[in-house]
Amino acid sequence: MSDDNRILAEDVTYAYEEADKNAVNHLSLEIREGEFVAVLGHNGSGKSTFAKLLNALYLPSSGRVLVYGMDTADDEQLWNIRQKAGMIFQNPDNQIVATVVREDVAFGLENLGVEHDEMVRRIDEALESVHMTKYAEKEPHMLSGGQKQRIAIAGVLAMEPSCLIADEATAMLDPKGRKKVLDTVRRLNKEKGITVVWITHYMEEVTEADRVVVVSDGETAMIGTPREVFSKVEKMRELHLDVPRMTALAQDLREDGLPLRDDILTVEEMAEEVARLLCP
Amino acid sequence: MLNNITLGQYYPVDSPVHRLDPRIKIILTLCLIVSVFMIHTLLGYALMLLFVMLISRLSHVPVKVMLRGLKPLRFILILTFLLNLFFTSGETLWSVWIIEITREGLRQAVHYSLRLIFLVLSTSLMTLTTSPIALSDGMELLLSPLKVIHFPAHELAMMMSIALRFIPTLMEETDKIMNAQMARGADFESGNLLNRAKAMIPLLVPLFVSAFRRAGDLAMAMEARCYHGGEHRTRLRVLRIGRNDVIACLIVAALLALIILEGIFVPTLL
């Protein structure tokens, strides 16, 4: 392993066998250590395919993906790459392997050949950091969707990865579960410095990301901080993406002649801005 | 209703028997099966009965629950008894019209029925006190020497445990699909057998489609967590042979010895 601590996609193209166009098309991206990168795109934009290219579940048809200096096309490094870049998936039911929570968290560790005592220590730690310790002996099918996703996160965390890739991890959850899962991942990003690649189509989830990458037709359509990206309301609408409700409202009000800032994302910011206008 | 399904026969209580190493339990069950075949006299069956009652007491599994395992076998039992009773030739004990009961017939009828009953009871001792997951664990470890000849011991156990993991999920899904179909007027309950079987088709098709999709997803999730078969794999659940396992072995060995002695010294009764 080299000391490179970035994930690099260099001019990556990927096509499914039966498809006539590329799912990911000459996409380049650099993800820096400790960053929270949100990948945004509507259905079929190629964002999920891109995620699976990042930990060698798919291999690029052309171009290359480097995970911490390791090429995903290199068979020798396969398990190192997947240990470094852990992944959670959309359907909470379809990624839990074992019949008891703590055994599911152990699954990745068993595969890596971690010693028993070390395994127990890491499982306890991982469950603690997703606040699921008291569910350790429960059966997964007794848990809610959000809880199952947090178990999946714990399963990845126990493998001590540097990066967590979440492939629409909140898409099948109710609003409460969605918030819990996102909060957990944000906290891990801040406290443990784990790099996060957050793939989603919910605008509200990306407002706190360090960077937003908008993917459309397998290509990077926009890239920048959430403010930079969402201030381009017209462009977003062209890409069939919504902007956060407050950003859209600000845009409408601006069109009606109110001198509002163009980078409002949250209700609080809107309130401040309106207050500023009312009593300057 | 779906929240507490128990799989197979497993009777989930805590007892010294439940806590025995599943490997030991599997081996001892095989010993019990062998000893059932070695019994020649009623005294032997009495010994066996005593043993079953002892285990029932130790494992907190009521005898009533154990006997439940015999219920599906009742027709075979009756058939075995009657066939042996009427169709064995030998010294006539009692006869009326063309029906004839012989001493040998009576002996064999009793013998085979008891043998069948105790075979079921002794395997039930294991399945009642061992969770399916522990059983598949035990099987994996016992069969692992066969890996030398490429017997897929780990893969079989993994398949078993995934199947167990997905049973509740798929049952929940069946429920959902059924409700969705009933909301649109599907009828699963009335009509004759053929009609009811036909009504199951719109239930099974989506269920299968979804099961395949789940399988694909799960395979990918397992790969993402570095699953690459049983090689160089460690285990969270470690099985250790304890004091109780040794005691259990001694008890079964004693039973086996008594049954062998009974075969040699006690003259065949009946």
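Numbers restart at 1 for each chain; the letters A, B, ... are given by sequence-line order, proteins then strands.
B/L164 contributes atom CG, which lies 10.5 Å from atom CD of A/E139 (distance to the nearest 0.5 angstrom).
When the shell of 6.0 Å around CZ of B/R243 is examined, it contains 12 or fewer heavy atoms from other residues, nucleotides or ligands. Summarising the local packing, CZ of B/R57 is surrounded by 12 or fewer heavy atoms from other residues, nucleotides or ligands at distances under 6.0 Å. The environment of NE2 in B/H232 is sparse: at most 12 heavy-atom neighbours from other residues, nucleotides or ligands sit within 6.0 Å. The number of heavy atoms from other shown groups lying within 6.0 Å of NZ (B/K25) is above 12. Summarising the local packing, CG of B/L193 is surrounded by 12 or fewer heavy atoms from other residues, nucleotides or ligands at distances under 6.0 Å. Other residues, nucleotides and ligands contribute only 12 or fewer heavy atoms inside 6.0 Å of the NZ atom of A/K176. A 6.0 Å sphere centred on CE of B/M182 holds more than 12 heavy atoms belonging to other residues, nucleotides or ligands.
When side chains are defined from C-beta on, B/F166 counts as touching A/N94, because their heavy atoms get closer than 4.5 Å. Residues A/M159 and B/C226 have side chains in contact (heavy-atom distance under 4.5 Å, counting atoms from C-beta outward). Side-chain contact check for B/R233 versus A/L109: every heavy-atom pair is 4.5 Å or farther apart. A 4.5 Å side-chain heavy-atom check between A/I123 and B/L236 finds at least one atom pair inside the cut-off.
Between A/F89 and B/A221, the shortest heavy-atom distance links the atoms CE1-CA, 3.5 Å.
Of the listed residues B/R213, B/M222, B/M158, the one with more heavy-atom pairs under 4.5 angstrom with chain A than any other is B/M222. When the candidates A/M87, A/K52, A/E103, A/R102 are compared by the number of heavy-atom contacts under 4.5 Å with chain B, A/E103 comes out ahead. Most heavy-atom pairs under 4.5 Å with chain B: of the set A/I96, A/I81, A/L78, this distinction falls to A/I96. Your options are A/V120, A/V114, A/L112, A/N55, and the one with the most heavy-atom pairs under 4.5 Å with chain B is A/V114.
At distances below 3.5 Å, not a single donor-acceptor pair connects side-chain atoms of B/T234 with backbone N or O atoms of A/E115.
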Item checked: Working for side-chain contact (heavy atoms from CB on, under 4.5 Å), residues A/Y58 and B/M220 -> CA-CA 10 Å; A/Y58 295 164; B/M220 187 164 277; 3.7 Å; yes

Next item on the list: Determine, stepwise, if the pair B/D217 / A/Q95 fulfils side-chain contact (heavy atoms from CB on, under 4.5 Å).
Entry: CA-CA 7 Å; B/D217 281 3; A/Q95 54 185 319; over 6 Å; no

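At a cut-off of 3.5 Å, with distance as the only test, no side-chain donor of A/N111 or B/R225 sits close to an acceptor on the other residue.
For A/F107, the parts lying under 4.5 angstrom from a heavy atom of chain B are both the backbone and the side chain. The parts of A/D93 that come within reach of chain B are both its backbone and its side chain, each placing non-hydrogen atoms under 4.5 angstrom from that chain.
A salt bridge is defined here as a Lys NZ or Arg NE, NH1 or NH2 lying under 4.0 Å from an Asp or Glu carboxylate O, and A/E110 with B/R235 fails to meet this definition.
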